[in-house]
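Only one structure is covered here, and it is reproduced in the block below.
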Amino acid sequence: MPAPFPTGMMRLSLVIQAPSTSLDSYGQSAATWSDVATLWGHVDGARTSEVMYEGGVATRSDFTFITGWYPGVGVTNRIKWVDNGLTRYFNISACWDRDQRQRRLQIEATEVLP
């Protein structure tokens, strides 16, 4: 079992978003994101690596988020984080009940490249 995580360290407001599809003006399916929940959390930079992106080299950053428990979070969701006026998005790759008591949620996520 992991060590307890102090509530006072969860100072960031993180928005959990879920995908929804609708039809655009041409009748094509268009994906949009809608806010599901706002959670207080903590973020740690986990790993950074270089990847090929659109014919060039880009940086891939994976992060670990720790938030309060919310039952509906899964790999189909994403995280929106407004950091000093800059909005950043993260695709969730894994999430689990950190202490098996439904108090903390640990989320592994990759930052979406602009």
Side-chain angles (χ1 to χ4, degrees):
M1 184 165 113
F5 192 83
T7 302
M9 290 185 69
M10 298 197 311
R11 298 179 179 159
L12 303 174
S13 178
L14 306 170
V15 178
I16 304 297
Q17 295 185 321
S20 58
T21 56
S22 60
L23 297 178
D24 63 10
S25 60
Y26 297 107
Q28 301 294 321
S29 178
T32 58
W33 292 89
S34 56
D35 296 350
V36 174
T38 301
L39 304 173
W40 290 102
H42 176 77
V43 63
D44 283 326
R47 298 174 291 284
T48 301
S49 59
E50 290 182 343
V51 295
M52 295 299 293
Y53 181 72
E54 293 184 1
V57 178
T59 303
R60 174 184 166 161
S61 300
D62 297 327
F63 291 83
T64 300
F65 294 89
I66 298 175
T67 68
W69 174 255
Y70 188 78
V73 180
V75 296
T76 58
N77 298 109
R78 75 176 182 180
I79 296 173
K80 180 174 103 174
W81 174 27
V82 179
D83 182 22
N84 291 328
L86 176 67
T87 302
R88 301 167 69 181
Y89 297 96
F90 301 85
N91 289 332
I92 297 175
S93 55
C95 59
W96 60 90
D97 186 357
R98 180 177 164 85
D99 57 3
Q100 303 300 312
R101 294 184 181 174
Q102 296 185 351
R103 292 187 298 187
R104 299 283 183 262
L105 186 63
Q106 184 162 337
I107 302 170
E108 300 293 328
T110 302
E111 187 167 12
V112 176
L113 299 172

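Quick note: residue numbers are just sequence positions, from 1.
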Can you get from Trp81 to Val73 by hopping between Ile, Leu, Val, Met, Phe, Trp and Tyr side chains that sit under 4.5 Å apart? yes
With rounding to the nearest 0.5 Å, note down the distance linking OG1 in Thr38 to NZ in Lys80. 8.5 Å
Does one hydrophobic cluster hold both Val82 and Val43, with members joined at side-chain heavy-atom distances below 4.5 Å? no
Flag yes if Leu12 and Phe65 sit in one hydrophobic cluster, no otherwise; membership is Ile, Leu, Val, Met, Phe, Trp, Tyr, and two members link when side-chain heavy atoms are under 4.5 Å apart. yes
Quick one: does Ser93's side chain have a donor or acceptor within less than 3.5 Å of a partner on Glu108's backbone? yes
Between the CG atom in Leu14 and the CG atom in Leu39, the distance rounded to the nearest 0.5 Å is 7.0 Å
Val112 reachable from Val15 in the ILVMFWY side-chain graph, under 4.5 Å edges: no
Value rounded to 0.5 Å, distance of CZ in Phe90 from CZ in Arg78: 11.0 Å
Backbone of Thr110 reached by a side-chain donor or acceptor of Asn91 within 3.5 Å: no
So which atom in Ser29 and which in Thr21 form the shortest heavy-atom distance, rounded to 0.1 Å? OG-CB, 3.9 Å
Distance col, row Met10:CE vs Ile66:CD1, nearest 0.5 angstrom, shows 8.5 Å
Mind checking whether Phe63 and Leu105 sit in one hydrophobic cluster, side chains of I, L, V, M, F, W, Y counted as touching below 4.5 Å? yes
Sub-3.5 Å donor-acceptor pair from the side chain of Thr32 to the main-chain atoms of Ser20, do we have one? yes
How long is the gap from CG on Asp99 to CZ on Arg104, to the nearest 0.5 Å? 7.5 Å
Whether the side chain of Asn77 engages the backbone of Gln17 through a donor-acceptor N/O pair (distance < 3.5 Å, no angle test) should be reported. yes
What's the separation between atom CH2 in Trp69 and atom CZ in Arg103, rounded to the nearest 0.5 Å? 12.5 Å
Which pair of non-hydrogen atoms, one from Ala30 and one from Asp24, has the smallest distance, and what is that distance? CB-CB, 4.4 Å
